J.: 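My questions will all concern the structure given below.
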Amino acid sequence: MTPCTLITGGAGYIGSHTAVILMDAGYRVIIIDNLCNSSPRVLDRLRQLCGDQFEFVQADVRDGAALDSVFAQYPVESVIHFAGLKAVGESVTQPLRYFDNNVGSTVSLLQAMDRADVRRMVFSSSATVYGDPQQVPISEAAHLKATNPYARTKLICEDMLRDLQDADPRWQVAILRYFNPVGAHPSGIIGEAPSGIPNNLMPYITQVAVGQRDYLSIFGNDYPTPDGTGVRDYIHVMDLARGHVAALEHLTKQQSSITVNLGTGHGVSVQQLVDTFVRVTGRPIAYRQTARRQGDVAACYADTTLALTTLGWQAEHDIARMCEDAWRWQSMNPTGYAS
Ligand code: NAD
Ligand code: UFG
C-alpha cells in the first residue's frame, strides 16, 4: 500500500486546504477529526475537489485506541497535527478545556505514533507564542511568552516536542508558527466557516459584505502604527497549506527537525485590509472605530528568512488575492457549509 499522511483536524479550515494541496501533490491522505468545530459537509466538498482519494475517520485524537486502529489499518509515514481549539477569549474562560484538548490530544497522538513506530510530525503552532513581540519582524529566535491559555497550550506542545527530540533523535518534527491565515481555495468550494460570531477579522469582514452582520468594529485606532490600527501578517491559506508540503519534504530529505515562521513578512493594518477588500470586491464595508480589544498587540509580522532558506518556501499571494478568494467563498456560501 502507498504510504499515507495522517491529518488530524483535517476537516477544519487549514487542515482541509492542506489536504487538497497534499492530494494535488500526490500524497495519500487519511483525515481524523471529531467534527467539534467543523461540518461533515467539508468531506463532500473535498470529494468534489479531489475525488475519493482520501479516507475519513471520525474520532477524537485523545482516544488512543482509535489512533492505534488507524495506525494498524493504514501505512502512515507522517502526521500533520492540526486538531485543537483556537479561540483565545474562550481559552481564558475555559482553560482546562484548552489544556485537555490541545495538550491532551498532542500527548495521546505522540504516544500512539511512538507505539506505531511513526516519528515524523508537522505541528500547527502559532505566532501567539511570541506574546507581545519586542521587535518586528519576528524571528524564530525571539523570546517566547504565552499571554493567554491558548498560547500556553501551543508553547507546552512545542516544549514537549523539543524534549522528545532531545530524548530520542529518531523523532523528526517541524514546528510551524502560523501568522494570520485568511482566504480560501480559489474554487470557492472550501473556506473558513466559523461557528457563531467570528473572532477574526477577515471572516467578520466577509460576513458584513454578505449582509450577515451590520458593521465591523475596528478595535483601536491609537496604536503606534502608521494609521493607528493593528498590524498583522495575513497569509493566504493556500500558501500556508503549501508550507506543510515543504515541511514534510524537508523532514523526509534532510531528516532534521525545524521550527519556522509561516507568514508573508509584510505587515498590513486593519484599515488597509478593509480598504483593499472594498477595492477588490466592490462591496461596501460599514465600520465603526471602537476601543482596543483586550490582549491585542500593536504589530505582529514574521521574519520569513528561515522559511525561505530551510524550506525553499515563500508566500506568493498578496492581500488583494486573499480578499478576492475569501469573498468568492463567502458569496458562494453565504452561511458557510450550511449553504
Ligand atoms: P479549525 O477549528 O477550523 O480546525 C481544527 C479541527 O480540529 C476542527 O475540524 C475540529 O473539529 C478538530 N478537532 C479539535 N479538537 C479535536 C480532537 N480532540 N480530536 C479530533 N479533532 C479535533 O481550526 P484551524 O484554523 O484550521 O486551525 C488548525 C490549527 O492551526 C489549530 O491547531 C490552531 O490552533 C492552529 N492555528 C490556527 C490559526 C488561525 O488563525 N486559524 C493561527 C495559528 C495557529
Ligand atoms: N480586529 C478588528 N475587528 C474584529 C476582529 C479583529 O479590528 O472584529 C483586529 C484586531 O484587533 C487585530 C486584527 O484585526 O488588530 C487581527 O485580529 P484577528 O482576531 O483576526 O487575529 P489575531 O492577530 O488577534 O489572532 C490570530 C488568531 C490567534 C493566533 C494569532 C497569531 O486568532 O489564534 O492570529 O497567529 F494566535
Side-chain angles (χ1 to χ4, degrees), residues 5-10 12 14-15 18 22 32 60-64 67-68 70-71 76-86 91 95 98-131 138-179 181 240-241 243-263 302 306-307 310-311 313:
T5 299
L6 177 65
I7 308 187
T8 76
I14 305 170
T18 304
L22 280 171
I32 178 167
D60 196 298
V61 182
R62 288 165 294 182
D63 179 347
L67 294 177
D68 287 343
V70 169
F71 285 112
V76 176
E77 63 171 8
S78 50
V79 177
I80 310 184
H81 182 34
F82 292 106
L85 304 175
K86 60 168 182 176
S91 80
Y98 273 69
F99 288 111
D100 180 23
N101 199 340
N102 294 6
V103 180
S105 71
T106 307
V107 173
S108 147
L109 180 61
L110 291 167
Q111 287 171 329
M113 288 173 68
D114 205 36
R115 286 193 292 273
D117 254 335
V118 177
R119 294 188 187 80
R120 186 177 296 151
M121 177 189 266
V122 176
F123 176 70
S124 295
S125 190
S126 164
T128 194
V129 297
Y130 297 118
I138 310 171
S139 93
E140 290 80 355
H143 179 67
L144 303 179
K145 183 173 168 42
T147 55
N148 57 67
Y150 165 70
R152 198 157 292 115
T153 66
K154 291 293 176 193
L155 211 42
I156 290 171
C157 290
E158 283 202 7
D159 283 338
M160 203 157 62
L161 289 164
R162 284 185 274 270
D163 286 343
L164 198 55
Q165 292 157 56
D166 288 345
D168 183 347
R170 288 177 299 171
W171 283 92
Q172 296 166 8
V173 179
I175 294 173
L176 305 183
R177 294 180 181 149
Y178 312 154
F179 280 68
L240 189 71
H244 292 73
V245 179
L248 276 182
E249 283 172 0
H250 171 90
L251 292 181
T252 314
K253 288 185 192 140
Q254 309 298 325
Q255 314 260 308
S256 64
S257 295
I258 38 158
T259 298
V260 280
N261 289 336
L262 293 185
L306 195 65
T310 58
L311 302 182
W313 170 93

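The structure displayed is predicted, hence computed values, not measured ones.
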J.: Does any part of the side chain of F179, heavy atoms only, come nearer than 4.5 Å to the side chain of S126, both counted from C-beta?
T.: no
J.: Any donor and acceptor pair, going by atom type alone, linking the side chain of T5 with main-chain N or O of V79 inside 3.5 Å?
T.: no
J.: Would you call the rings of F82 and H244 parallel, tilted or perpendicular if under 30° counts as parallel and over 60° as perpendicular?
T.: tilted
J.: Do L251 and V122 come close enough that some side-chain heavy atom pair is under 4.5 Å?
T.: yes
J.: Kindly indicate whether the side chain of W313, heavy atoms from C-beta on, has any atom under 4.5 Å from the side chain of V245.
T.: no
J.: Can you check side-chain hydrogen bond (donor to acceptor under 3.5 Å, both in side chains) on R177 and Y130, steps first, answer last?
T.: CA-CA 10 Å; R177 294 180 181 149; Y130 297 118; 2.9 Å; yes
J.: Check I14 against P181 and note the closest heavy-atom contact, atom names and distance.
T.: CD1-CG, 3.8 Å
J.: Less than 4.5 Å apart, side chain to side chain, heavy atoms only: is that true for L6 and E77?
T.: no
J.: How far apart are the closest heavy atoms of M160 and V103, and which atoms are they?
T.: CE-O, 4.4 Å
J.: Could you walk me through whether R152 and Y98 pass side chain to side chain contact (heavy atoms under 4.5 Å, CB included), step by step?
T.: CA-CA 9 Å; R152 198 157 292 115; Y98 273 69; over 6 Å; no
J.: Do the non-hydrogen side-chain atoms of Y178 and S124 ever get within less than 4.5 Å of each other?
T.: yes
J.: Does the side chain of D63 come within less than 4.5 Å of S108's, by heavy atoms?
T.: no
J.: When rounded to the nearest 0.5 angstrom, what is the spacing between NZ in K86 and OG in S91?
T.: 13.5 Å
J.: Quick one, T106 and T153 - any side-chain contact, counting heavy atoms below 4.5 Å?
T.: no
J.: Minimum heavy-atom separation for A112 and F71, please, with both atom names.
T.: CB-CE1, 3.9 Å
J.: How long is the gap from CG on D159 to CG on L164, to the nearest 0.5 Å?
T.: 12.0 Å
J.: Could you report the tightest heavy-atom contact between I175 and S125, atom names first, then the distance?
T.: CG2-CB, 3.8 Å
J.: Salt bridge between E158 and K154, side-chain N to carboxylate O under 4.0 Å?
T.: no
J.: For L155 and A146, which heavy atoms make the closest approach, and how far apart are they?
T.: CD2-N, 3.7 Å
J.: Using modelled atom types only, decide if a donor and an acceptor are shared between the side chain of H81 and the backbone of L110 within a distance under 3.5 Å.
T.: no
J.: With side chain to side chain contact (heavy atoms under 4.5 Å, CB included) as the test, would you mind laying out the steps for Q255 and R120 before giving the verdict?
T.: CA-CA 9 Å; Q255 314 260 308; R120 186 177 296 151; 4.3 Å; yes
J.: Nearest 0.5 Å please: distance from the CG atom of L176 over to the CG atom of L311.
T.: 7.5 Å
J.: Would you tell me whether S257 and Q165 have side-chain atoms, one donor and one acceptor, within less than 3.5 Å of each other?
T.: yes
J.: Does any N or O in the side chain of N261 come within less than 3.5 Å of the main-chain N or O of I138, such that one atom is a donor and the other an acceptor?
T.: yes
J.: Rounded to the nearest 0.5 Å, how far apart are SG of C157 and CZ of F99?
T.: 10.0 Å
J.: What pair of heavy atoms forms the shortest contact from S105 to N102, and how long is it?
T.: OG-O, 3.4 Å
J.: Please report the interatomic distance CG(D114) to CZ(R119), rounded to the nearest 0.5 Å.
T.: 4.5 Å
J.: Give, for atom CD1 of I32 and atom CG of L109, the distance between the pair rounded to the nearest 0.5 Å.
T.: 8.0 Å
